[in-house]
Amino acid sequence: MSAEDFRRYGHQVVDWIADYLSHPEQYPVFSRNLPGQLKKAIPPQAPERGEAMEALLDDLDRIVVPGVTHWNHPGFFAYFATSGSAPGILGEMLSAAFNVNAMLWRTSPSATELEEVTLEWLRQLMGLPESFDGVIYDTASISTLCAIAAAREAAGLNIREMGVEAAGARLRMYASEHVHSSVDKSAITLGIGQTSLRKIPSDSEYRMKTAALEDAIKEDRSNGWHPFCVVATTGTTSSTSIDPVSPIADICEREGLWLHVDAAYGGFAAVVPEMRWVLEGAERGDSLVVNPHKGLFVPLDLSILYCRRMNVLRNAFSLVPEYLRTGESEEVKNFMDYGPQLGRRFRALKFWFVMRYFGAEGLRSRVRHQINLAREFAEWVDQSDKFERMAPVPFSLVCFRARPQGHFTEDGLNAINERLMNEVNARGKVYMSHTKLSGKLTLRFAIGNIRTTREHVRMAWDELNQVLEGIKIDD
Ligand SMILES: *Cc1c(COP(=O)(O)O)cnc(C)c1O
């Protein structure tokens with residue numbers, strides 16, 4: 001493509017993005033596509049001859065957009081609502097343009113050093129101690145996988161070389177029953193097996209019971225297991241509950257276990273000074289994951305693993321073939337040494353753009369605003385005689401369900417709530433998701449979109465009330 005054409009189409013694409021981001025509400029928030037709809041609209045083979053950009057851009061509107069679920073829509077309250085911000089999108093464009101591979105320092109010094117700079121900036125904003133260094137990966141799932149690989153390395157069984165079976169160890173790690181599935185997947189991927197993950201029961205507010213953790217470790221040791229790691233969660237995925245990290249850290253210290261803190265969702269709230277408490281005890285962790293792509297308006301993907309024992313992480317993975325040996329390895333970081341992948345994107349650029357554009361103050365005020373909106377929504381739930389709250393609201397997620405007047409079985413309430421969610425979502429203005437807490441179908445209302453205002457939250461509440469009214473009339 002000539003520079004002239006690139007400029008022309010580039011302007012068109014940027015215009016398209018600017019229009020899209022100024023009116024995401026023109027689309028239903030979640031896609032109405034049927035399964036296979038997009039595939040049917042596209043030829044089964046790649047075109048033999050190149051096509052005009054005009055045709056491509058037309059098909060973007062015609063074929064792609066209808067199949068997009070609009071995470072940018074201010075009525076998106078499902079999962080953990082996230083949104084990339086404009087400065088992040090511009091940073092992403094530039095890193096696509098540079099297209100460097102940040103495997104070694106010398107393969108692009110700026111990529112490596114900006115990674116170090118942004119990690120350090122966020123560390124300070126979150127109030128984590130200087131002993132934490134880190135590395136950027138794509139997702140929290142991979143950050144956690146690498147942390148558990150480091151924990152396995154720290155167990156000193158030489159599994160890296162011998163494999164699990166040859167090392168003769170029945171490894172065991174611990175996490176609450178509400179832990180994210182990425183920890184189960186790490187056990188699968190690292191070959192230590194799902195039975196190596198022992199789930200610890202939680203209390204009435206979905207926090208790990210530390211006495212049960214201690215008992216489990218003791219029992220396992222006497223049965224010949226080799227405990228090596230505990231994963232504590234700050235902001236669980238179902239309900240954003242916060243495990244008691246300090247007492248868990250005491251146990252880990254006493255037992256010599258690696259403590260990994262999954263703060264993928266909860267960690268970024270600590271940029272708000274009055275929320276610092278959510279990371280209490282986390283400073284004693286060996287590693288901690290936080291996802292700027294979840295709550296800090298950085299476009300997917302960008303996850304950070306902070307680690308106090310980077311040498312152990314390095315020992316878990318470093319393997320330098322001759323053709324990648326460089327003279328400066330002593331003075332610089334070669335990030336390929338800290339994970340399974342060789343090639344690495346220049347992710348820090350978009351993060352640097354976001355932090356500079358908003359400033360610490362801008363990030364703080366936005367995160368604080370979302371937490372306040374969630375508290376207000378929770379108050380409406382608490383004051384209503386048709387809804388009830390299902391969990392505390394430490395962050396910007398509200399877990400609740402409809403509980404109309406009258407006698408209903410739990411199954412009946414589950415059915416009402418499922419119908420309520422589906423009908424609200426089908427109206428296209430609001431999108432919510434669900435979980436189960438103690439067997440009860442629970443609606444999750446997650447505020448995290450940068451464009452969500454109080455009016456959108458109010459509108460969602462009105463939608464819920466209107467739809468629930470209709471359901472009662474029908475029944
Ligand atoms: C979202 C989330 C994850 C997974 O994050 P990915 O970046 O999608 O892998 C892990 N743990 C917790 C607590 C989360 O909220």
Side-chain angles (χ1 to χ4, degrees), residues 69 71 76-84 88 122 126 134-149 173-190 197 199-200 202 206-208 229-245 248 259-270 278-279 282 285 287-306 339-341 344-345 347 350-351 367 370-371 374 391 393-399 433-435 437 442 444-449:
T69 289
W71 289 67
F76 191 105
F77 298 106
Y79 310 103
F80 283 127
T82 58
S83 50
L122 183 65
M126 290 170 59
V135 47
I136 294 178
Y137 299 114
D138 51 0
T139 57
S141 302
I142 297 303
S143 294
T144 290
L145 174 79
C146 295
I148 296 173
M173 61 175 162
Y174 307 84
S176 104
E177 57 187 335
H178 287 278
V179 75
H180 188 266
S181 56
S182 55
V183 177
D184 305 64
K185 285 197 181 180
S186 296
I188 296 169
T189 312
L190 290 168
L197 173 58
K199 303 256 174 100
I200 305 299
S202 55
Y206 313 111
R207 299 169 297 200
M208 190 196 294
C229 178
V230 178
V231 179
T233 309
T234 295
T236 57
T237 312
S238 261
S239 72
T240 68
S241 60
I242 301 170
D243 285 337
V245 182
I248 293 173
L259 173 59
H260 175 59
V261 180
D262 183 354
Y265 171 73
F268 64 83
V278 302
L279 288 184
S287 55
L288 175 145
V289 56
V290 58
N291 269 6
H293 76 220
K294 237 174 203 164
L296 289 179
F297 321 114
V298 177
L300 267 170
D301 47 16
L302 197 159
S303 174
I304 295 176
L305 180 69
Y306 283 110
Q341 66 180 120
R344 311 176 71 252
R345 303 181 61 222
R347 292 194 181 87
K350 60 186 171 184
F351 193 23
V367 172
Q370 296 181 339
I371 293 170
V393 181
F395 302 102
S396 58
L397 171 80
V398 185
C399 288
S433 61
H434 77 283
T435 187
L437 292 175
T442 299
R444 292 172 74 268
F445 189 77
I447 301 171
N449 186 296

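One-based numbering, in listed order, for ligands and for the atoms of each.
- Contacts of Lys199 classified as salt bridge (charged side-chain N to carboxylate O under 4.0 Å, His left out), with partners at least two apart in sequence or in another chain: Asp184.
- Sorted by first then second residue, the salt bridge (Lys or Arg N to Asp or Glu O under 4.0 Å) pairs that include residues 292-301, not counting sequence neighbours, are Asp301-Arg345, Asp301-Arg347.
- Under the rule for a side chain to side chain donor-acceptor pair (under 3.5 Å), the partners of Glu177 that lie at least two apart in sequence or sit in another chain are Ser202.
- A ring-ring contact (aromatic ring centres under 6.0 Å, His included) with Phe80 is found for one member of Trp71, Tyr265, Phe445, Phe395 and no other, namely Tyr265.
- The backbone N or O of Val245 lies less than 3.5 Å from no partner atom in the side chain of Asp243, so there is not a single donor-acceptor pair.
- Every protein residue with a heavy atom nearer than 4.0 Å to ligand 1 is included here: Phe80, Thr139, Ala140, Ser141, His180, Ser182, Gly235, Thr237, Asp262, Ala264, Tyr265, Asn291, His293, Lys294.
- Side-chain atoms of Ser176 and His178 form no donor-acceptor pair, as typed in the model, at a separation below 3.5 Å.
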